[in-house]
Amino acid sequence: MKFVDELVLDVESGKGGGGMVSFRREKYVPFGGPSGGDGGKGGDVVLQASRDFNTLFELGFRRLYKGEDGEKGMAKDMIGASGKDYILKVPVGTLVFNQETAELLCDLAQDDARFIVARGGRGGRGNARFANSVRRAPRIAEKGEPGERLRLRLELKLLADVGLVGQPNAGKSTLLASVSNARPKIADYPFTTLAPSLGIVKREDFPAFCMADLPGIIEGAHAGTGLGTHFLKHIERTRLLLHLVDLGTVELSEARKAFTVILQEMREYDPAMLDKPMIVVATKMDLPSARENWPAFRTWIKRKGYTAVAISAASHDGLPKLLAKVTETLSGMKPVEVRGSTQEKLFEFLPSFGLKYLGPGKWQVSGREIERLVAMTDFGNDESIQLFKKKIQKFGFIEELSRAEAGKEDLVSIGEMEFEVGEFDL
Ligand SMILES: Nc1nc2c(ncn2[C@@H]2O[C@H](COP(=O)(O)OP(=O)(O)OP(=O)(O)O)[C@@H](O)[C@H]2O)c(=O)[nH]1
Ligand SMILES: [Mg+2]
């Protein structure tokens with residue numbers, strides 16, 4: 001499957017169902033009370049993090065993800081069915097931004113974490129809810145609340161406990177395959193791995209952890225050579241690095257150079273990369289030349305201030321020791337820091353309305369609440385219109401219009417409706 005780590009898509013929650021106007025018909029009651037039920041709630045669009053995906057690739061097949069609309073209310077006080085939520089599964093580590101404002105909405109950093117990105121509209125109230133001691137037979141019902149539409153930018157920054165770095169052919173994918181459930185492609189040519197992949201390392205004697213295999217890095221990667229450093233962003237959020245160095249098929253001096261080059265490339269990308277804890281892993285110890293090179297390499301690495309472990313993914317020698325070292329290091333570390341926000345942030349209070357002059361005799365009033373009120377009002381019904389006029393007073397835009405010296409015949413558009421200024425007089 002193709003690796004995609006950035007994507008723009010649209011989401012839209014379902015519209016609430018309309019409320020119902022109906023009256024009870026009972027055998028011995030000539031004209032029963034109002035009994036129109038409320039409309040059902042529209043479906044939300046929910047993002048859910050899942051370890052089953054490592055790429056945003058599949059999400060790119062569709063541009064719009066939509067929650068289902070709520071159903072209409074029914075007679076006999078029956079509430080309409082709620083629309084189904086749309087659950088959109090994304091890889092763990094997906095950052096969600098509002099494309100228009102560039103605001104970070106959430107960071108889906110834990111497996112199964114959920115975030116409601118677009119809330120379904122409320123169902124309109126049926127006429128039963130408008131009855132009171134004065135108004136015994138209301139013929140009013142609300143329309144359902146519209147859903148909300150949003151353009152999102154998703155950015156995947158893989159979250160893993162351990163990241164594997166090293167030159168092409170160092171044996172990164174082979175290590176991942178021998179300790180985890182992942183089955184990456186392995187071959188004896190450079191750049192076998194073209195995109196990051198993840199595996200879960202599970203053993204009885206320690207808690208499971210997640211390991212990310214990255215494409216090989218070569219000299220000049222920061223300037224785009226080889227596969228460049230684009231993928232290095234995926235180790236920004238790993239807690240521990242394993243730096244693999246092939247001691248079996250290259251000369252000792254080459255192995256040293258390989259090690260230094262990678263540190264250099266990481267520094268070029270972001271100096272903070274070098275602050276991450278790192279264990280050096282000498283690979284291919286089943287080969288005689290690796291065993292020959294090991295003592296000198298180990299001393300050299302020690303002098304640089306790192307710990308080195310020798311392994312053979314082929315014979316499994318050294319793997320238990322390496323895993324023990326990794327778990328020990330991880331257990332002393334904090335979990336990966338999660339950026340971003342809480343659920344509330346997306347639904348923060350917005351200013352109640354905005355007034356805009358569109359040209360001679362033309363105005364526009366905008367605002368989430370006021371547009372909703374308009375969208376939910378049934379303008380085919382006198383009683384609803386009366387109620388609307390009352391409610392709309394509280395926004396204070398009528399005063400604002402007269403302050404702006406709007407004429408009585410001027411037109412005001414709100415959402416999809418157009419009114420004459422004079423119409424708002426009670
Ligand atoms: N003898 C021996 N060969 C190994 C060992 N580990 C890996 N290899 C071989 O080294 C070659 C490269 O291994 P990979 O795991 O594909 O290396 P990589 O670091 O993932 O390489 P890229 O994906 O190209 O960056 C393959 O032919 C492996 O079979 C080992 O422990 N012993
Ligand atoms: Mg590989």
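Numbers here are sequence positions counted from 1.
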Output yes when Glu142 and Arg125 qualify as a salt bridge under the 4.0 Å nitrogen-oxygen rule, no when they do not. yes
In terms of heavy-atom contacts, does NZ of Lys276 have more than 12 from other residues, nucleotides or ligands at under 6.0 Å? yes
Quick one: does Met20's side chain get under 4.5 Å of Met78's, heavy atoms only? no
Is Lys284 salt-bridged to Asp246, going by a charged N under 4.0 Å from an acidic O? yes
Measure across Leu240 and Pro277 and return the closest heavy-atom pair with its distance rounded to 0.1 Å. CD1-O, 3.5 Å
Can a salt bridge be assigned to the pair Arg149 and Asp10 using a cut-off of 4.0 Å between side-chain N and carboxylate O? yes
Salt bridge Lys391-Glu369, side-chain N to carboxylate O under 4.0 Å: no
Please check if the number of heavy atoms outside Glu416 that lie under 6.0 Å from its CD is greater than 12. no
Is the count of non-hydrogen atoms from other residues, nucleotides or ligands lying under 6.0 Å from Arg372 atom CZ greater than 12? yes
Which heavy-atom pair separates Lys157 from His234 by the least distance, and what is that distance? CA-ND1, 3.8 Å
One should read off an interatomic distance between Leu322 CG and Leu175 CG, to the nearest 0.5 angstrom, of 6.5 Å
Using a 6.0 Å cut-off, check whether atom CD of Glu371 has over 12 heavy atoms from anything other than its own residue. yes
Between Ser50 and Asp52, is there a donor-acceptor pair closer than 3.5 Å when you use the side chain of the first and the backbone of the second? yes
Inter-residue atom distance Ser197.OG - Phe3.CZ, 0.5 Å rounding: 9.0 Å
Do Leu244 and Leu164 have side-chain heavy atoms sitting under 4.5 Å apart? yes
Quick one: which of Leu358, Leu401, Leu411 gives a side-chain contact (heavy atoms from CB on, under 4.5 Å) with Trp363? Leu401
Please report the C-alpha distance between Asp38 and Arg129 in whole Å, then the side-chain angles of each, then the deciding distance to 0.1 Å, and finally whether the side chain to side chain contact (heavy atoms under 4.5 Å, CB included) criterion is met. CA-CA 8 Å; Asp38 299 348; Arg129 306 262 237 121; 2.6 Å; yes
Main chain of Asp161, side chain of Arg239: is a donor-acceptor contact present, judged purely on distance under 3.5 Å? no
Closest non-hydrogen atom pair between Ile186 and Ala177, with its separation: CD1-CB, 4.0 Å
With rounding to the nearest 0.5 Å, note down the distance linking CG in Leu88 to CZ in Arg114. 11.5 Å
Within the distance-only criterion (no hydrogens, no angle test), does the side chain of Gln48 pair as donor or acceptor with the backbone N or O of Ile87 below 3.5 angstrom? no
Which class fits the ring pair Phe259 and Phe297: parallel under 30°, tilted 30 to 60°, perpendicular over 60°? perpendicular
Short side-chain to backbone donor-acceptor contact, Asn127 and Pro34, under 3.5 Å: no
Who passes side-chain hydrogen bond (donor to acceptor under 3.5 Å, both in side chains) against Lys41, sequence neighbours left out? Asp44
Does Asp85 come within less than 4.0 Å of Arg119, counting only side-chain N to carboxylate O? no
To the nearest 0.5 angstrom, please state how far the CD1 atom of Ile217 sits from the OG1 atom of Thr225. 12.5 Å
Of all heavy-atom pairs linking Phe115 and Leu105, the shortest is CZ-O, 3.7 Å
Any side-chain heavy-atom pair from Phe379 and Val374 closer than 4.5 angstrom? yes
Using distance alone, with no hydrogens and no angle criterion, decide if Gln264 and Tyr269 have a side-chain donor and acceptor under 3.5 Å apart. no
Check whether any side-chain N or O of Asn293 sits under 3.5 Å from a backbone N or O of Leu247 as a donor-acceptor pair, and report yes or no. yes
Quick check on Glu399: does its CD atom have over 12 non-hydrogen neighbours (other residues, nucleotides or ligands) under 6.0 Å away? yes
Is the distance between the ring centroids of Phe57 and Phe53 less than 6.0 Å? no
Mind checking the OG1-NZ spacing from Thr193 to Lys172? Nearest 0.5 Å is all I need. 6.5 Å
Is the terminal nitrogen or CZ of Lys304 (NZ for Lys, CZ for Arg) located under 6.0 angstrom from the six-membered ring centre of Trp300 and within 45° of that ring's axis? yes
Please determine whether salt bridge (charged side-chain N to carboxylate O under 4.0 Å, His left out) holds for the pair Glu418 and Lys362, giving the CA-CA distance in whole Å, both sets of side-chain angles, and the decisive distance to 0.1 Å. CA-CA 10 Å; Glu418 208 170 49; Lys362 281 196 152 250; 3.4 Å; yes
Interatomic spacing from CG in Leu47 to OH in Tyr65 - rounded to 0.5 Å: 10.5 Å
When you measure from the side chain of Glu68 to the backbone of Lys84, do you find a donor-acceptor pair of N or O atoms at a distance under 3.5 Å? yes
Between the side chains of Lys408 and Glu420, is the shortest nitrogen-to-carboxylate-oxygen separation below 4.0 Å, so that they form an ion pair? no
Measure the shortest side-chain to side-chain distance between Ser312 and Thr283 over non-hydrogen atoms and say whether it is less than 4.5 angstrom. no
Quick one about Thr377 and Ser384 (side-chain donor to acceptor, distance below 3.5 Å, no hydrogens or angles considered), yes or no? no
If I compare all heavy atoms of Leu194 with all of Phe191, which pair ends up nearest, and what's the gap? CD2-O, 3.5 Å
Within the 4.5 Å heavy-atom criterion, are Lys302 and Thr307 side-chain neighbours or not? no
Taking 4.0 angstrom as the limit, do Glu155 and Arg153 come out as a salt bridge? yes
Could you check whether Arg368 pairs with Glu148 (Lys NZ or Arg NE/NH1/NH2 to Asp/Glu carboxylate O, under 4.0 Å)? yes
With a 4.5 Å heavy-atom cut-off, do Leu241 and Val162 have their side chains touching? no
With a 4.5 Å heavy-atom cut-off, do Leu108 and Cys106 have their side chains touching? yes
In terms of side-chain heavy atoms, does Asp213 have a donor or acceptor partner in Ser173 at a distance below 3.5 Å? yes
Keeping Thr192 on the side-chain end and Asp188 on the backbone end, is there a donor-acceptor pair under 3.5 Å? no
Any chance you could lay out the side chain to side chain contact (heavy atoms under 4.5 Å, CB included) test for Ser178 and Leu319, step after step, and finish with the verdict? CA-CA 9 Å; Ser178 54; Leu319 290 185; 3.9 Å; yes
Step-by-step side chain to side chain contact (heavy atoms under 4.5 Å, CB included) determination, Phe424 to Phe419: CA-CA 8 Å; Phe424 293 119; Phe419 306 89; 3.6 Å; yes
Closest non-hydrogen contact found for Thr260 with Arg256 is OG1-O, 2.7 Å
Between Lys89 and Asp112 (side chain of the first, backbone of the second, donor and acceptor by atom type, cut-off under 3.5 Å), is there such a pair? no
Test item: Asp69 side-chain N/O and Lys15 main-chain N/O as donor-acceptor pair under 3.5 Å: yes
Would you find a donor on one side and an acceptor on the other, under 3.5 Å apart, between the side chain of Arg151 and the backbone of Leu9? no
Any non-hydrogen side-chain atom of Lys66 less than 4.5 Å from a side-chain atom of Ser13? no
Stepwise side chain to side chain contact (heavy atoms under 4.5 Å, CB included) test for Val281 and Val245: CA-CA 6 Å; Val281 182; Val245 185; over 6 Å; no
